[in-house]
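Every chain is numbered from 1, with letters handed out A, B, ... down the list of sequences. Side chains are part of it too, since the values below use all heavy atoms of this structure and drop only hydrogens, waters and symmetry mates. Since the model is a prediction, treat every value here as computed from it, not as a measurement.
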Amino acid sequence: MSTTVPAADGPLTDDGLVQLLTPTGERVGHPEYDRWAADLDGDRLRAMYRDMVLTRRFDNEATSLQRQGELGLWAQSLGQEAAAVGSGHALRPQDHVFPSYREHGVAHVRGLEMTDLLRLFRGVDHGGWDPADHGFHLFTLVIGSHTLHATGYAMGVQRDGLVGTGDPARDTAVVAYFGDGATAQGDVSEALVFASVNQAPVVLFCQNNQFAISEPTTRQARVPLAARAPGFGIPSVRVDGNDVVASYAVTRQALERARSGGGPTFIEAYTYRMGAHTTSDDPTRYRTSEQEEYWRRRDPIERLRVHLERTGELPEVFQAQLAAESDAFGEHIRTTVRAMGHPSPHTMFDHVYATPNAVVDAERAWFTQYEQSFVDHDGRRTAGGHR
Amino acid sequence: MSVTSERARLTDLPPAPAPPPFPTGTQRLPMAKALNLGLRRALANDPRTLLMGEDIGRLGGVFRVTDGLFAEFGDDRVVDTPLAESGIVGTAIGLALRGYRPVCEIQFDGFVFPAFDQITTQLSRMHYRSQGRLRLPVVIRIPYGGGIGAIEHHSESPEALFAHTPGLRVVSPSTASDAFTMIQQAIASPDPVIFLEPKGRYWEKGDVDLDAPLPAPHGSPTDLDHARVVRPGTDVTVVAYGPTVATALKAAEAAAADGTSIEVVDLRTISPLDTATVAASVRRTGRCVVVHEAPVLYGTGGEVAARITEECFYHLQAPVLRVGGFHTPYPVAKIEHDYLPGLDRLLDAVDRTLAF
Ligand SMILES: Cc1ncc(C[n+]2csc(CCOP(=O)(O)OP(=O)(O)O)c2C)c(N)n1
C-alpha cells in the first residue's frame with residue numbers, strides 16, 4: 001500500500017467535496033449520491049428552506065439578545081445552516097443526536113422548543129431540555145467528549161438489537177456533531193477507535209467551519225479531516241457543507257449504513273462560520289474581510305432560494321407566509337427569553353445526587369437558615385447589602 | 001470533482017505592527033497586562049522559554065494575556081497549539097526534557113481535565129521517578145474561578161486537585177504586582193508550577209514595579225513559597241488567596257468600621273503551604289477564617305485549618321472556620337453570587353469566630 005503525501009494546504013482543499021447544488025443554485029448530478037437525494041421533491045426542499053430560514057432567524061435573535069445583555073454568551077450557527085438542516089432531515093425519530101453547542105439547526109429539525117437552548121446561555125440552566133424528548137442530547141462544552149458518548153450510546157443500540165433488523169421503524173443510528181478543532185482532541189481519536197472496532201452504528205459528523213476560535217484548521221491537521229478516518233478503518237466522505245441537498249444525501253447514506261449494521265462513517269462538512277466564534281470573540285484579529293466575502297457568496301440559504309426560484313418551486317405566497325412565521329418566531333424568542341425569570345438559589349442544591357446526601361442536605365439547610373437571617377419580620381430583605 | 005478553483009485563503013493576514021518598547025518604572029496596570037509583561041520579559045530573557053496554548057497567537061488568548069507576543073516573538077516562541085490539552089501538556093513535558101521551558105496556557109479551568117492525566121501521572125513525578133535526574137520546568141497557566149457570568153466549565157476552582165498531587169507547585173497571585181513577579185518566578189522554577197490566574201481579577205488594576213529585579217537564575221531557590229500579610233490586624237486572621245483576597249480586604253474594611261480588626265493573609269502559594277506565616281498571624285490574633293471559592297469539602301481550607309489547629313492549638317480562641325463553595329457543581333451564572341463566598345458570608349464567619 002502506498003501513502004500519498006498531502007498537499008501543504010491539505011485541510012483547506014475543497015477538492016473532492018460532494019456537491020449537488022452549486023453556489024449559483026444549479027442542481028448537478030453525482031453518480032453515487034443522486035439516489036440518496038432522489039426523494040427531495042419540491043415540498044421537502046421547501047421544508048429544508050424553511051428550516052434554514054428559521055434557524056438563521058433564531059440565531060440572529062439570540063445574537064441580538066446577547067447584545068442587549070439578555071444572554072451571557074452566544075455561539076452563532078450563521079453560515080452553517082445547510083449542514084445542520086440537511087443532515088437533520090436525514091434522521092429518523094428513533095435516532096439519537098449528540099450535538100455540539102452550535103447545532104441549532106439540528107435542534108430545530110428535531111422539533112425542540114428552541115428557546116430551551118437559550119437557557120444555558122442565559123445562565124438559568126445547564127441544559128434546559130429533556131434529551132429523551134427528541135433524541136437530542138444536552139450540549140457538551142468540553143470539546144470532543146461527547147463523540148465518545150455517542151459511540152457508547154451506539155454500542156448500546158447495537159446490543160439492544162436495533163441494528164440491521166430491516167424494520168425502518170426500529171433500526172437506529174446515532175450522530176455526533178463536532179468541529180474541526182475537536183478532531184485534535186484525544187477523545188475524538190478514541191471515539192474513532194471504539195466506533196471502528198465495535199462497528200458501532202454511529203455517524204461522526206465533523207463541521208469543518210475552518211476555525212477553532214482563532215486557529216485555522218491547518219493548526220489542527222495537515223490533511224483533509226476526512227482523510228483520517230480510513231486509517232481507523234472508518235469510511236469517510238467530504239461534503240460541501242453549504243449545500244443542503246448534498247449534506248442530506250451523504251448523511252442519509254451514512255445513517256443507512258449505520259442502521260443496517262454497516263458500521264460507522266465519518267463525514268466532513270466543509271463550511272464556514274460566518275459570524276464570530278461566540279459573541280465574545282473578535283474575528284478581525286485572525287481573518288480578512290475578503291475571506292468573509294468569498295464565503296458570503298456561497299451562502300447556504302441563498303443557493304437553495306435561487307434553485308427553488310429557478311425551478312418555480314418558491315411561490316410568493318410561501319415566501320410571504322415564511323416571512324410572517326419568521327417574525328412571529330422572533331417575537332416568541334424575545335418574549336420567552338425575557339420571561340425566563342431568575343432561578344431560586346436553592347436550586348443549586350438540587351440533583352447533585354440521585355439519592356439523599358448528608359453533606360448537600362446540611363449545606364442546603366445552612367444556606368436556607370443563612371438566607372432567612374437577612375429577612376425581617378415583614379419578609380423584607382434587611383442586611384446582606386454587602387454582597 | 002472540484003467545487004471551485006478559487007481557494008479560501010485563511011492565513012494571509014496583514015503583518016502586525018512593531019511591538020511597543022518595554023515599559024519601565026512603576027505603572028498602574030490590570031493584572032492581565034501585568035502577566036503579559038511578565039511573560040514578555042521571560043521570553044526576551046531566555047530563548048528557551050516558549051508559550052503554547054490554544055488561540056494564544058494572533059488572538060492573544062481569549063483573555064488577551066498573550067496579546068502582542070506572537071507579533072514580537074513569532075510563532076516559534078508563541079505557539080498556537082492544536083485543540084488538545086493532553087497534547088499541550090504532554091508535548092510540553094517532552095520539550096522540557098529537551099531543555100526548553102514551556103509555559104502552557106489552558107484556556108479555561110474546566111478544560112484542564114483532558115490534561116489531568118499528563119499533569120498528575122507524568123509532569124508531577126518525573127523528577128521523583130528519575131531520582132532527580134530529570135527536571136520539568138513547565139508552567140501551566142490556568143484562568144480559574146468564577147464571578148464573570150460564564151457558562152458551564154468556565155468557572156471551576158480545581159486547586160485542591162493539584163495541591164493534593166505531590167511534585168507540583170500550585171500558586172495564585174491576587175494582585176497585578178504579584179502576577180508580574182510570580183509568573184517570572186514560576187517560569188524560573190525548576191519544578192512544574194500550576195499557575196492559577198483569578199480570571200475575575202484580570203481587569204483589576206494595581207501598581208507594578210516593572211524594574212523589579214529579575215528572579216534568581218534557573219535552579220536557584222525562588223521566592224515562590226511565601227504567604228504575605230497584606231493587611232495587619234489584631235482580632236481575627238482571614239486567610240485567602242487569588243480571587244478571595246479582594247473579598248477579605250473588603251471584609252476587613254467593613255469590619256474595621258464596626259471596631260473589629262481583621263488581619264488578612266494572602267497565601268499566594270497553595271502548595272507548598274506557608275504554614276509559618278499563617279501560624280504566626282494566628283498566634284497574634286487567636287482566631288482564623290479561611291476563605292476560597294472552591295467547595296469547602298476536602299478543599300484547601302481544610303488543610304489550612306488542620307495545620308493551624310496542630311500548630312496553634314493553645315493560641316486558638318475559636319475553631320478555625322472555613323468559608324467557600326458548596327458541594328455542588330458550579331451553579332448557573334444567575335445564581336453564582338449565592339454560591340461564591342462573598343462579603344456577607346465571610347463577615348458572618350468572622351462574627352461566629354468572635355462569638356466563641
Ligand atoms: C476541552 C476544551 N478545550 C478548550 C475549550 C474552549 N473552546 C471552546 S470552543 C473552542 C473551539 C472549538 O472549535 P471547533 O471544534 O472547530 O468547533 P467550532 O466552535 O468551530 O464549531 C475552544 C478552544 C473547550 N470548550 N473545551
Exercise for the section: Heavy-atom distances under 4.5 Å only: say whether B:Asp67 touches chain A with side chain, backbone, both or neither. Expected result: side chain
Fill in the blank from the handout: If one checks every heavy atom of A:Asp350 against chain B at 4.5 Å, the contacting part turns out to be neither
Practice task
Please examine the side chains of B:Asp348 and A:Tyr370, heavy atoms only from C-beta on, and report whether any two atoms are closer than 4.5 Å.
Solution key: yes
Handout entry: Nearest atoms (heavy-atom pairs only) where B:Ala84 meets A:Ala184
Key = CB-O, 3.3 Å
Exercise for the section: Please answer whether the main-chain N or O of B:Gly57 pairs with a side-chain N or O of A:Tyr286 as donor and acceptor at a distance below 3.5 Å. Expected result: no
Problem - Crowding at CD, A:Glu293 (>12 non-hydrogen neighbours, <6.0 Å) - result: yes
Exercise for the section: Nearest 0.5 Å please: distance from the CZ atom of B:Phe70 over to the OG atom of A:Ser214. Expected result: 9.0 Å
Problem - Within 6.0 angstrom of A:Gln68 CD, more than 12 heavy atoms from elsewhere - result: yes
Practice task
Please determine, among A:Ile143, A:Asp243, A:Leu73, the option with the most heavy-atom pairs under 4.5 Å with chain B.
Solution key: A:Ile143
Fill in the blank from the handout: Honestly, the part of A:Val124 sitting under 4.5 Å from a heavy atom of chain B is both
Handout entry: Nearest atoms (heavy-atom pairs only) where B:His327 meets A:Glu363
Key = N-OE1, 2.6 Å
Handout entry: Residue B:Tyr339 versus chain A: region with a heavy atom under 4.5 Å
Key = both
Completion exercise
If one checks every heavy atom of A:Arg122 against chain B at 4.5 Å, the contacting part turns out to be both
Exercise for the section: Mind checking the OG1-CG spacing from A:Thr347 to B:Asp338? Nearest 0.5 Å is all I need. Expected result: 9.0 Å
Problem - Note, A:Phe139 side chain near B:Glu152 side chain (heavy atom, < 4.5 Å) - result: no
Exercise for the section: Kindly say whether B:Asp55 contributes a backbone atom to a donor-acceptor pair with the side chain of A:Glu215 at under 3.5 angstrom? Expected result: yes
Exercise for the section: Determine, step by step, whether B:Asp344 and A:Phe374 satisfy the side chain to side chain contact (heavy atoms under 4.5 Å, CB included) criterion, reporting the C-alpha distance in whole Å, the side-chain angles of both residues, the deciding distance to 0.1 Å, and the verdict. Expected result: CA-CA 10 Å; B:Asp344 285 332; A:Phe374 292 112; 4.0 Å; yes
Problem - Ring geometry between B:Phe326 and A:Trp366 (parallel below 30°, tilted from 30 to 60°, perpendicular above 60°) - result: tilted
Exercise for the section: Among B:Ile148, B:Val62, B:Asp80, B:Leu346, single out the residue with the greatest number of heavy-atom pairs under 4.5 Å to chain A. Expected result: B:Asp80
Practice task
Could you look at A:Ser344 and say if it's the side chain, the backbone, both or neither that has a heavy atom under 4.5 Å from chain B?
Solution key: backbone
Handout entry: chain B contact via A:His342 - which portion, at a heavy-atom distance below 4.5 Å
Key = side chain
Handout entry: Toward chain A, the part of B:Leu297 with a non-hydrogen atom under 4.5 Å
Key = side chain
Problem - Side chain, backbone, both or neither of B:Phe108 within contact of chain A (heavy atoms, under 4.5 Å) - result: neither
Practice task
Considering non-hydrogen atoms only, spot the tightest contact between B:Lys334 and A:Pro343 and give its length.
Solution key: CB-CD, 3.7 Å
Exercise for the section: Under 4.5 Å heavy-atom distance to chain B, tell me which part of A:Tyr353 shows up: side chain, backbone, both or neither. Expected result: side chain
Practice task
Answer whether the closest heavy-atom distance between the side chains of A:Arg285 and B:Arg64 falls below 4.5 Å.
Solution key: yes
Completion exercise
Interatomic distance, CD@A:Gln220 vs CD@B:Glu54, rounded to 0.5 Å, equals 8.0 Å
Practice task
Take atom NE2 of A:His351 as the centre, draw a 6.0 Å sphere, and report whether it contains more than 12 heavy atoms from other residues, nucleotides or ligands.
Solution key: no
Fill in the blank from the handout: Bottom line for B:His153: the part with an atom under 4.5 Å from chain A's heavy atoms is side chain
Handout entry: Partner chain B: residue of A:Val360, A:Asp281, A:Asp125 with the largest heavy-atom pair count (under 4.5 Å)
Key = A:Asp125
Fill in the blank from the handout: CZ of A:Arg219 to CG of B:Asp75, rounded to nearest 0.5 Å, is 7.0 Å
Problem - Side chain / backbone / both / neither for A:Leu141 at chain B, heavy atoms under 4.5 Å - result: both
Handout entry: Contact summary for B:Leu83 and A:Gly181, nearest pair of heavy atoms
Key = CB-O, 3.4 Å
Practice task
Please flag which part of B:Gln107 lies under 4.5 Å from any non-hydrogen atom of chain A: side chain, backbone, both or neither.
Solution key: side chain
